[in-house]
Amino acid sequence: MAVAILSPEKAISRKGKLLINGEFVDALSGKEFETLNPSTGEVLAHVAEADKADVDRAVKAARTAFEEGPWSRMNARERGRLLLRLTQLVADHADELALIDTLDNGKPIRETTHVDVPLVIDCLGYYAGWADKIEGETIPVNGPFLNYTLKEPVGVVGQIIPWNFPLLMAAWKLGPALATGCTVVLKPAEQTPLSALRLGELILEAGFPEGVVNILPGFGPTAGAAIASHLDVDKVAFTGSTEVGRLIMEMAAKSNLKRVTLELGGKAPNIVMSDAIIDEAVKGAVTGIFLNQGEVCCAGSRLFVEDKVHDEVVSKLKAYAEGIKVGNPLDPATEMGAQVSEEQLDRILNYCQSGKAEGATVVTGGGRNTAAGKGYFMHPTIFSDVKDSMKIAREEIFGPVVSAIRFSEIGEAVQRGNRTNYGLSAAVWTRDIKKAHTIARKLRAGVVWINTYNTFDAASPFGGYKESGIGRELGKHALANYLETKSVWVALE
Ligand code: NAP
Ligand code: MG
């Protein structure tokens with residue numbers, strides 16, 4: 001077990017520096033920032049703080065690696081082998097990586113061990129397999145010509161990721177970028193920089209040439225903005241809030257029209273029909289909102305429940321929520337850890353206040369959980385009597401707070417479920433397969449789950465409709481984010 005063989009001190013003993021051009025270095029400014037353990041509020045490590053000057057250095061290294069270094073001449077199959085070696089190294093260090101994310105983010109060790117890290121391994125291994133299978137086409141054009149396409153890496157890629165699944169978000173970004181032959185400047189979130197830095201060490205150990213992957217912890221408005229507005233970055237991939245996603249697009253537009261993909265927020269409708277297997281639907285609703293302390297962009301935060309089964313579902317959900325073990329994330333029995341920061345906790349508490357003020361009923365929770373520890377713990381929270389117009393039903397809370405909303409007819413539920421600016425995910429619970437598939441078509445979301453929730457696979461695309469994003473992560477779909485298509489003409493006569 002992770003906790004038994006590794007001490008927290010050992011897992012974070014390496015000083016956090018910037019990875020630029022194959023070396024771990026201090027920021028040019030010499031500045032550092034603190035990353036905290038959210039379950040105690042204590043400082044976990046000091047990390048070098050990148051800003052614009054460091055981004056410039058990293059972009060230069062990535063550009064040189066892309067155009068002149070061994071990476072630029074490497075066979076696709078060899079790229080795949082490097083990714084495979086990295087996958088193996090991550091598997092070899094699974095316990096350590098799980099521990100680092102648990103310490104830095106506050107999420108339970110059972111989740112980092114059984115969800116995050118296995119999904120990272122799955123993702124990197126999946127993209128290792130793609131590296132030598134990216135093919136162009138020959139096209140039957142008019143005239144005496146041979147016409148074919150080349151699929152080429154887009155170039156130097158900036159990647160800006162959030163704190164909710166620190167290592168997994170790095171893997172979702174790096175996997176397709178490296179499989180296609182791009183070079184990368186990655187900025188982890190300020191709250192959770194440590195696992196990306198450890199991954200950086202493993203990337204060097206795997207044998208990736210210098211400058212191919214550069215990792216720059218730092219803050220959004222400085223390091224992040226420098227990446228998004230850099231004139232020599234060909235593409236930016238971002239995961240985080242819709243608000244910042246808008247800024248990223250603006251910066252890309254105003255600088256060099258770099259390609260943009262965005263994976264943003266959500267306010268998913270999770271619809272339970274009266275003919276569902278209720279106990280399964282309730283378990284799905286629990287996973288849907290309480291996994292990862294509710295800090296999940298595809299969380300099922302609006303639970304639409306058909307009138308007939310509403311009270312049964314809400315009371316069973318209450319029993320589950322009150323049985324969730326909240327506390328020390330290092331305890332393998334813990335099911336819900338700490339929210340990532342005091343700021344995030346306050347944001348969630350403000351939403352709880354607003355729900356109460358607007359007349360929703362607190363079924364359980366609704367406040368800070370001081371009994372769980374001195375860190376940023378919440379009580380799993382359920383509101384009922386929630387109206388679509390309430391703030392808690394409209395805005396992304398990003399915490400363990402679910403709004404139960406009644407409906408009487410499925411058409412109405414779908415319509416109300418779709419009435420949001422978001423469109424990342426949705427779910428429906430029913431035993432009627434015709435209805436299930438019909439509803440899946442009507443829901444305006446990039447991912448629809450039928451009789452399941454929060455199910456992921458590296459091969460299956462993930463991303464949003466509407467203001468939940470642009471482009472798709474995972475699967476072969478994510479490769480397109482990192483490729484340009486070149487049409488080549490050859491005269492045959
Ligand atoms: P955020 O501000 O969108 O942060 C995501 C990433 O963007 C971080 O690396 C952040 O850097 C960076 N960033 C922030 N401002 C930037 C800027 N002006 N230019 C370039 N990069 C910038 O998210 P947050 O503040 O951590 O969380 C706020 C809310 O966002 C949450 O409550 C939740 O609703 C939503 N969220 C969604 C997701 C998702 O997966 N869709 C993930 C996280 C949060 P820093 O290191 O300085 O933060
Ligand atoms: Mg932290």
Side-chain angles (χ1 to χ4, degrees), residues 12 16 33-47 49-52 55 100-107 158-166 168-170 172-173 186-196 215-230 233 236-252 260 262-268 292-299 301 329 337-348 350-351 375-376 395-399 401 422 424-425 446 462-464 467-469 473:
I12 54 153
F33 66 99
E34 294 171 342
T35 184
L36 306 183
N37 176 344
S39 70
T40 61
E42 284 159 11
V43 177
L44 198 56
H46 293 263
V47 179
E49 179 192 326
D51 61 22
K52 188 174 177 308
V55 169
I100 293 174
D101 264 358
T102 284
L103 289 168
D104 212 5
N105 167 280
K107 62 170 75 187
Q159 303 185 319
I160 301 172
I161 57 173
W163 41 258
N164 54 342
F165 292 90
L168 185 59
M169 291 301 99
W172 281 24
K173 293 280 184 277
L186 173 86
K187 191 195 90 60
E190 105 207 26
Q191 296 86 347
T192 55
L194 298 179
S195 57
I215 300 177
L216 275 70
F219 296 101
T222 49
I227 292 172
S229 53
H230 205 290
V233 169
V236 62
F238 170 81
T239 297
S241 60
T242 294
E243 186 192 348
V244 175
R246 234 181 265 285
L247 292 177
I248 299 282
M249 224 174 155
E250 229 174 83
M251 288 186 267
V260 178
L262 305 172
E263 202 268 274
L264 309 174
K267 193 72 192 173
N292 207 46
Q293 299 77 240
E295 293 169 345
V296 180
C297 47
C298 51
S301 50
Q339 308 306 136
V340 75
S341 64
E342 189 160 19
E343 186 190 358
Q344 190 61 22
L345 176 73
D346 287 344
R347 192 176 301 169
I348 299 165
N350 281 336
Y351 277 112
Y376 317 125
E395 296 182 15
E396 182 175 52
I397 298 176
F398 228 63
V401 181
Y422 291 117
L424 186 55
S425 62
F462 182 89
E467 291 178 33
S468 286
E473 308 235 55

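Residue numbers count from 1 along this sequence. Below, all heavy atoms of this structure are taken into account, side chains as well, without hydrogens, waters or symmetry copies. Read the numbers this way: they start at 1 and go in the same order the structure lists the ligands and their atoms.
Here the protein heavy atom with the shortest distance to atom 24 (P) of ligand 1 is Trp163 NE1, 3.7 Å. For atom 10 (C) of ligand 1, the closest non-hydrogen atom of the protein is Lys187 NZ, 3.9 Å. The protein non-hydrogen atom at the shortest distance from atom 38 (C) of ligand 1 is Phe398 CZ, 3.4 Å.
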**OP:** Give the C-alpha distance, both sets of side-chain angles, the deciding distance and a yes or no for side chain to side chain contact (heavy atoms under 4.5 Å, CB included) between Cys297 and Glu396.
**Re:** CA-CA 8 Å; Cys297 47; Glu396 182 175 52; 4.3 Å; yes
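The aromatic rings of Phe33 and Phe219 lie tilted to each other, with the angle between the two planes from 30° to 60°.
When only modelled atom types and interatomic distance are considered, Asn105 and Thr192 share no side-chain donor-acceptor pair under 3.5 Å.
When Ser229, Ser241, Ala225, Ala299 are ranked by how near their heavy atoms come to atom 1 (P) of ligand 1, first place goes to Ser241. Considering each of Arg347, Met251, Glu250, the one bringing a non-hydrogen atom nearest atom 25 (O) of ligand 1 is Arg347. Taking each of Pro162, Gly224, Gly220 in turn, the one with a heavy atom nearest to atom 14 (C) of ligand 1 proves to be Gly220.
Residue Ile248 touches ligand 1 through its side chain alone, judged by heavy-atom distances below 4.0 Å. When non-hydrogen atoms are compared, ligand 1 lies under 4.0 Å from the backbone of Leu264 (N, CA, C, O) but not from its side chain.
Annotation: Ile161 places an N or O atom under 3.5 Å from an N or O atom of ligand 1; distance criterion only.
Of all the atoms in ligand 1, the ones that sit under 4.0 Å from a non-hydrogen atom of Glu396 are 33 (C), 34 (O), 35 (C). Counting the atoms of ligand 1 from 1 in the order shown, those under 4.0 Å from a heavy atom of Thr239 are 5 (C), 40 (O). Per-residue contacts place Gly218 under 4.0 angstrom from the following atoms of ligand 1 (heavy atoms of the residue considered): 46 (O).
At a distance under 4.0 Å, no protein heavy atom can be found next to atom 4 (O) of ligand 1.
Note on Leu36: counted as a metal contact of the Mg ion (ligand 2), an N/O/S atom lying under 2.8 Å. Taking 2.8 Å as the criterion, Thr192 does not count as a coordinating residue of the Mg ion (ligand 2), since none of its N, O or S atoms falls below it.
The O atom of Asp104 and the OG1 atom of Thr35 subtend an angle of 140° at the Mg ion (ligand 2), given to the nearest 10 degrees.
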